[in-house]
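In listed order, ligands and their atoms are each counted from 1. The analysis underlying the following values was restricted to heavy atoms, covering all of them including side chains, and did not include hydrogens, waters or symmetry mates.
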Amino acid sequence: MNTFTTRALSVCTGLMLGLSVSTAAWSAKSLEDVMKERGLTQKDILAAAKTYTPTGGRDEYLAFASGGQSGHVIVYGIPSMRILKYIGVFTPEPWQGYGFDDESKRVLYQGDTDGEIKWGDTHHPSFSETKGEYNGKYLFINDKANPRIAVIDLHDFETKQIVSSPFYKSSHGGAFVTPNTDYIMSASQYAAPISNDFVPLEEFNDKYRGGVTYWKFDMDKGRIDEANSFTFELPPYSQDLSDAGKNASDGWGFTNSFCSERYVGGEGRPPFEAGCSAKDTDFMHVTNWKKAAELVAAGKVKKVNGSYLISMKQAVKEGILYLIPEPKSPHGVDVSPDGTHIIVAGKLDSHAWVYSWKKIKKAIDSKKFEGKDPYGIPIIALKDALHTQVQVGLGPLHTQYGGKECVVYTSIYVDSMVTKWDYCKGKVLDQIHIHYNVGHLMTMEGDSVSPDGKYLVALNKLAIDRFNPVGPLHPQNHQLIDISGDKMELLYDMPLPLGEPHYVVAIKADKLKPAVRYKSGWNSRTNSRSEFKTRAGREKIVRKDGVVHVYGTVIRSHITPEIIQVEEGETVSIHLTNLERAEDETHGFAVYSENVQLSIEPGKTVTATFKAEKAGVFPYYCTEFCSALHLEMQGYLLVTPKGYKAKDAKMVEGQTYTKADYDKQVKTNVDTQAVIDSVVGFITSHNYKDFPEVVALVEDATDQLGFAAEAQKKSEGYAAKGDYQNATLWAGQHWQYQVKTADMGLRAKTFLEEHGAVKVK
Ligand code: K7E
Ligand code: CUA
């Protein structure tokens, strides 16, 4: 057997052999044996069967969870609960090169007013919607620590934009979208001066403010339009969560608050927690965004800090801002799919309060108010807004709508429970204990106008004893619950060790159409052709405006150029284009001591710019095990001392080659070509053109074969001149290209075999 087939066999079939051995050992045991051995009950087996996803299987839903303190978004499948991706949003994420390449740094530091903020506290993800249905195009998420909203494109699961509020110093009540994603709501949290100046606490009532921003979203561009966004100035009441009205209540927004006492603790006064929970009720803010948008369009709203700000006075005058009492220290505010009801639960009240939009609207239309708050905002009386109050448990937080009419699920923090109840009739239907202290909870497509129900995920703050101990900081626990029947059934515990997941949203997986590659030379962050796009054979090093621009490429298994020489003190800008088209053929790029880590997915062009401060030798390499000769995907950045003169000496090679070596390599190449020919024969005799994945592989293989031909020509040229050193090396390179061709060819062949390709004439 020749060298190639031996290697190919060891690489390709080793895995399969291993698998069949273990399958045999596994099947020798019966299900009963395994249950006994592992102490599993029938119920466990049923739960396993409902969640287990065999190899190659897909999930019905994809969930996008906030990564809390990590500043990331975590993507996982439901019901398998397998984690699929961490998306870097407000925090660098090295695997994606996010915050390491120039292109993504520009996104990460967008909207960063005070230097380089490298983290965020992500809370609430939400999908873009069309007519209230998730459309699978974009995901938004807020940063509570810094008042920011990020836009993630679901075409490639990358963060594309970050905007920052010019008014707030924190923001919790975002991101919540209006039914056609005209706007993304984001409310402030901790009251603060609207300016960036120091304002003493004595002026809290007069100068500290809250607010709710409606960020204008342009669905075609996939970007927030800051210039046409606007903010309602609100009292310093610690605005909390929000939700946008839908259907019946479309055009309106609802925002909670939790310290309408306007209390400030410290300096010998009782703490915030005492003063902020003194009153029996707080205020729900009701804002009319449609009318506000008209005022903005009509030029009737002034700009403050460069952005439209609707003062409370103007909002009251225009009749677009109201308050309604709500249960003490509320948390979630959730609008029903038909928009007719709004549910608010107070953390310090065991009841969930159900409001009727019809009643609220009637009070607004008939100007029936019980009074005004200190800022002149009309207050609608509770009795004129309330539908019912239901005792759901101690410490209710958030509510999600299920697939059945009037049925909702509320997280009960103190009791560590989920309560299923009927908000139309006002009665509890079922309760389930969870582990432990649930925050948000989520049903499938639960925020849309037509929730699927089916599964519910409880996002538990404390895992305590659920998992193997890993030190004082425990993972958080996402618990999957089957809600398809009358009784809720716990299916699975998933530890999440990345940060506190405040909220998660799940979409039907088939609504997402993610790309497998970029157009060649693509800047993914701006979604346009990169000015640094480089083609094979056109690699170059150009010095311009004091910067050494390296236009390079990566392809299995080399980086071009392999040597970059600069002088100490020069700024180096390395632009790399991945020439691959095959699915999942990403290359990485790291340089010793320079904090460079790029992720170069097929087609992408990315840049790393840094100053070569010190003279020295800096190896660089590909960080993805992309091919058999991945380790050889390397090079040197040589930083010469100032004024360095190259010595007049030749490189001495570590190995010398003879005609015998050359002949041996040529023989191997001939054998390998025979393997390639047989694979090509298989592919072309099948309907491979019907499989885009295979077409991409064939294109890449053809490229590699083209390179192989060039290498062969060089090798033969040197051989003709009797230079067997270079002839052997180029023959070896010829073989490398052949191996990569064969590697892709075999992958294509396997794909065709596994996907029912048929023979063609
Ligand atoms: Cu309840 Cu930020 Cu929505 Cu945490 S939040 S739980
Ligand atoms: Cu490319 Cu390893």
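- Proximity to His124 (heavy-atom distance under 4.0 Å) selects the following atoms of ligand 1: 2 (Cu), 3 (Cu), 5 (S).
- Restricting His502 to its N/O/S atoms, the shortest distance to atom 4 (Cu) of ligand 1 is reached by ND1.
- Residue contact annotation: His587 places an N/O/S atom under 2.8 Å from atom 1 (Cu) of ligand 2.
- By the 4.0 Å heavy-atom criterion, Lys144 is excluded from the residues contacting ligand 1.
- Put simply, His398 gets within reach of atom 1 (Cu) of ligand 1, with an N, O or S atom under 2.8 Å from it.
- For Leu241, the closest heavy-atom approach to ligand 1 falls below 4.0 Å.
- Here the N, O or S atom of His331 that is nearest to atom 1 (Cu) of ligand 1 is NE2.
- For ligand 1, the atoms closer than 4.0 angstrom to any heavy atom of His172 are 2 (Cu), 3 (Cu), 5 (S).
- Judged by distance alone, the side chains of Gln69 and Asp121 never bring a donor and an acceptor atom under 3.5 Å apart.
- Aromatic ring orientation, His630 versus Phe625: tilted (interplanar angle from 30° to 60°).
- Gln239 pairs in a side-chain contact (heavy atoms from CB on, under 4.5 Å) with only one of the listed residues (Ser188, Ser260, Ser186), which is Ser188.
- Using a 4.0 Å cut-off between charged side-chain N and carboxylate O, Asp700 and Arg581 make a salt bridge.
- Close contacts between ligand 1 and Lys461 involve ligand atoms 4 (Cu), 6 (S) [criterion: under 4.0 Å to a heavy atom].
- Among the backbone and side-chain atoms of Thr586, no N/O/S atom is found under 2.8 Å from atom 1 (Cu) of ligand 2.
- For Glu273, the CD atom sits in a loose shell: 12 or fewer heavy atoms of surrounding residues, nucleotides or ligands are nearer than 6.0 Å.
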